[in-house]
Protein chains: 2
Amino acid sequence: MSKPSGHMQLFLKGRLRHAMSDHEKTLLENIIDDVERLPDGTCILERGKLANRSTLLVDGFIARVIEDGGNRNIVGVQVPGDFVDLHAFALKRLDHDVVTVGPSMVAYVTHAALAEVVATEPHLTRLLWFSTLLDAAIHREWILKLEQLRAGERLAHMICELWHRLNFVDLADSHGFNMPLLQTHLANACGTTAVHINRVIKSLRSQGLLELNRGRVTIPDREALERYAHFTADYLYGHGTLFLDPRTEVETD
Amino acid sequence: MSKPSGHMQLFLKGRLRHAMSDHEKTLLENIIDDVERLPDGTCILERGKLANRSTLLVDGFIARVIEDGGNRNIVGVQVPGDFVDLHAFALKRLDHDVVTVGPSMVAYVTHAALAEVVATEPHLTRLLWFSTLLDAAIHREWILKLEQLRAGERLAHMICELWHRLNFVDLADSHGFNMPLLQTHLANACGTTAVHINRVIKSLRSQGLLELNRGRVTIPDREALERYAHFTADYLYGHGTLFLDPRTEVETD
DNA sequence: GGATAAACTTAACCTATGTCAATCGAGGCA
DNA sequence: TGCCTCGATTGACATAGGTTAAGTTTATCC
């Protein structure tokens, strides 16, 4: 219940944050309603429940989970700076659960405040909209990887993606990153089983492509891993990638 | 190049269209810039290309395609009434190609006109935003189905989804629907091969769950097919489903 | 510091699906 | 009418990955 400050700093960092005016930045800071620390496994928003606020992930990891006949399935992963359930502003009810993985910190913004932004700040509205579509682009890449890659490549692809997304918000270093996802989670998100993901990790390890232990991911040679995973970062719309040309972007609307 | 009329009638039909005022409906009709008939296989918008207009699918089918080392992969399918690349308004460049499947008819809206809507019509803006998030919800369900269903169930799931989406816009009947997708397309969208999808079709056919020929899908017992596919329509946010309660929706914002 | 539980690891076996190769069938065209 | 092409279909074989079940390591807690 502390009065917040600076919690929006990571929002769209590495992407379109530079297109945000100072006015817009402080506006976003000011509409934060509350900040909270949450333990591992907290369900922030439940499938089908009416939402009247949205959540920005400040620290930690969050998974989008769809339960289906006993199985928990991870259909998305969010990292700090992600407005994890901004979707719920336009959708009102989500089709999935939003759950912390590891201890996390979040900031809340009421939908009333967001409605005010939409009514008065068209440019900022477009940036908020953009951030939700970024998730959709990531979803599409997951579909692609599930359709055509084998388990090892899928895992490698996911690790590459996480590295880049964490790198946008300065949470990755040249050797890897920290991550609370267990092998079960990884298996889940890659559409395979814990047993098989373990086989695959063993193989990647032996090829010197990846090291994974106790919440730490080590990437000895990122370029090699990306090649192995058929990974290209374009779809993350980061600075310098094919899809985000800062000059064009700043001018538009 | 005909002056258009009525082409927006299917937009959000079966979903939140009832929340749209008459003013908003005519506004949408009026910002249509152009209407066009396109042959099979036309690429409406190419990955990475700067877009200055968005496309509403009026008639026919459209696939979202990501090419990757020779392979064309379908990561989404759109049906009439879908604002297929409204994403491109906020993203400016898409991560995938947008391609017609079978002869189609589309209507174009310039981004300048959309920017005007965002600047002056907050409620309509939210509805447009909503429609893009619907695609994201569908993407998530695809991820789920690719993660946990087997090929036969995946195909059945896709057919069920298409039936419901076409039903929203009155293009499905109680026995099935017409659809230009070939077995290759279906295989592609289900993350399997043409050979295997054929095996699977044969099996579904012999179980009396599905009939498929020359652009016509026949569903003898939809309930049985949905059970087989572990399908529930909630995630499509249609009237009467878990996630869209008209009363709540109309009031909000 | 030993007990306990959770996560990780390995092995043996089996099935779904990929791959390759051939054939069939329908529609378009000379 | 008969050729030609594209899509659908089938068969034989190879393999990635699922399943079950057992160990092993690591972390937690008294």
Side-chain angles (χ1 to χ4, degrees), chain A residues 39-41 61 63 69-74 101-103 145-158 178-207 210-218 228-230, chain B residues 39-41 61 63 69-74 101-103 145-159 179-207 210-218 228-230:
Chain A
D40 176 47
F61 277 66
N71 296 48
R72 302 197 110 206
N73 270 276
I74 296 180
V101 182
K145 95 180 178 204
L146 288 163
E147 282 177 352
Q148 60 162 20
L149 301 184
R150 279 166 304 141
E153 297 163 342
R154 293 209 285 264
L155 174 62
H157 191 285
M158 182 173 172
N178 299 320
M179 173 201 73
L181 299 174
L182 303 176
Q183 292 193 9
T184 325
H185 296 123
L186 296 173
N188 230 291
C190 291
T192 184
T193 58
V195 171
H196 194 60
I197 210 71
N198 186 273
R199 286 196 275 247
V200 148
I201 289 170
K202 186 183 177 185
S203 150
L204 292 181
R205 218 174 243 149
S206 75
Q207 291 173 70
L210 195 64
E211 192 49 54
L212 241 172
N213 45 19
R214 266 171 290 165
R216 173 76 194 171
V217 176
T218 311
Y228 174 84
H230 303 266
Chain B
D40 176 48
F61 277 66
N71 297 47
R72 301 198 109 205
N73 270 276
I74 296 180
V101 182
K145 95 182 178 204
L146 288 163
E147 283 176 353
Q148 60 162 21
L149 300 184
R150 278 165 306 142
E153 298 163 342
R154 293 208 287 264
L155 175 62
H157 192 285
M158 181 172 172
I159 297 297
M179 173 202 73
L181 299 175
L182 304 175
Q183 292 192 10
T184 324
H185 296 124
L186 296 173
N188 229 292
C190 291
T192 182
T193 60
V195 171
H196 194 61
I197 210 72
N198 187 274
R199 285 196 276 250
V200 147
I201 289 171
K202 186 182 176 185
S203 150
L204 292 181
R205 218 174 243 148
S206 75
Q207 291 173 70
L210 194 63
E211 191 48 54
L212 240 173
N213 45 19
R214 265 171 292 166
R216 172 76 193 171
V217 177
T218 311
Y228 174 84
H230 303 267

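A, B, ... follow the sequence lines: proteins, then strands. Residue 1 opens every chain.
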- Task: Return the set of residues passing side chain to side chain contact (heavy atoms under 4.5 Å, CB included) with B:Q207 (not counting sequence neighbours), or none when no residue passes.
- Result: B:S203, B:L204, B:L209, B:Y228
- Between CZ on residue A:R205 and CG on residue A:L210, distance to nearest 0.5 Å: 8.0 Å
- Task: Indicate yes or no for a side-chain donor-acceptor contact from B:R154 to the backbone of B:K145 under 3.5 Å, with no hydrogens or angles considered.
- Result: no
Produce the list of close N/O pairs, under 3.5 Å, pairing protein atoms with atoms of nucleotides 14-16 of chain C; give distances to one decimal.
none

- Query: Whole-Å distance between D:dG18 P and B:L149 CG?
  - Reply: 13 Å
- Item | Value in whole Å for how far the C1' atom of D:dA8 lies from CG of B:L155 | 14 Å
Restricting to nitrogen or oxygen on both sides, can you table the protein-nucleotides 7-11 of chain C pairs closer than 3.5 Å?
residue: C:dC8; atom: OP2; partner: A:Q183; partner atom: N; Å: 3.1
residue: C:dT9; atom: OP1; partner: A:R205; partner atom: NH1; Å: 3.3
residue: C:dT9; atom: OP2; partner: A:Q183; partner atom: NE2; Å: 2.5
residue: C:dT9; atom: OP2; partner: A:N198; partner atom: ND2; Å: 2.7
residue: C:dT9; atom: O5'; partner: A:N198; partner atom: ND2; Å: 3.3

- Query: Can you tell me how far the CD1 atom of A:I201 sits from the CG atom of A:L212, to the nearest 0.5 Å?
  - Reply: 5.0 Å
- Starting from P on C:dT17, measure out to CZ on B:R154 and report it in whole angstrom. 6 Å
- Please work out if A:T193 contacts a base, only the sugar-phosphate, or nothing of the nucleic acid, heavy-atom cut-off 4.0 Å. base
- Message: Heavy atoms only, 4.0 Å cut-off, all strands: where does A:G191 land among base, sugar-phosphate and nothing?
- Response: sugar-phosphate
Just distance, no hydrogens or angles: give the donor-acceptor pairs under 3.5 Å from side chains in residues 192-200 of chain A, sequence neighbours left out.
residue: A:T193; atom: OG1; partner: A:H196; partner atom: N; Å: 3.2
residue: A:H196; atom: ND1; partner: A:R199; partner atom: NE; Å: 2.9
residue: A:H196; atom: ND1; partner: A:R199; partner atom: NH2; Å: 3.2
residue: A:N198; atom: ND2; partner: A:Q183; partner atom: OE1; Å: 2.9

- Nearest-0.5 Å distance that lies between atom CE in A:M158 and atom CE in A:M179: 7.0 Å
- List for me each residue that meets salt bridge (charged side-chain N to carboxylate O under 4.0 Å, His left out) alongside A:E147, sequence neighbours excluded, and say none if there are none. none
- Contacts of type salt bridge (charged side-chain N to carboxylate O under 4.0 Å, His left out), residue B:R72, not counting sequence neighbours: B:E67
- Task: Calculate the interatomic distance between B:I197 atom CD1 and C:dT19 atom P; express it in whole Å.
- Result: 14 Å
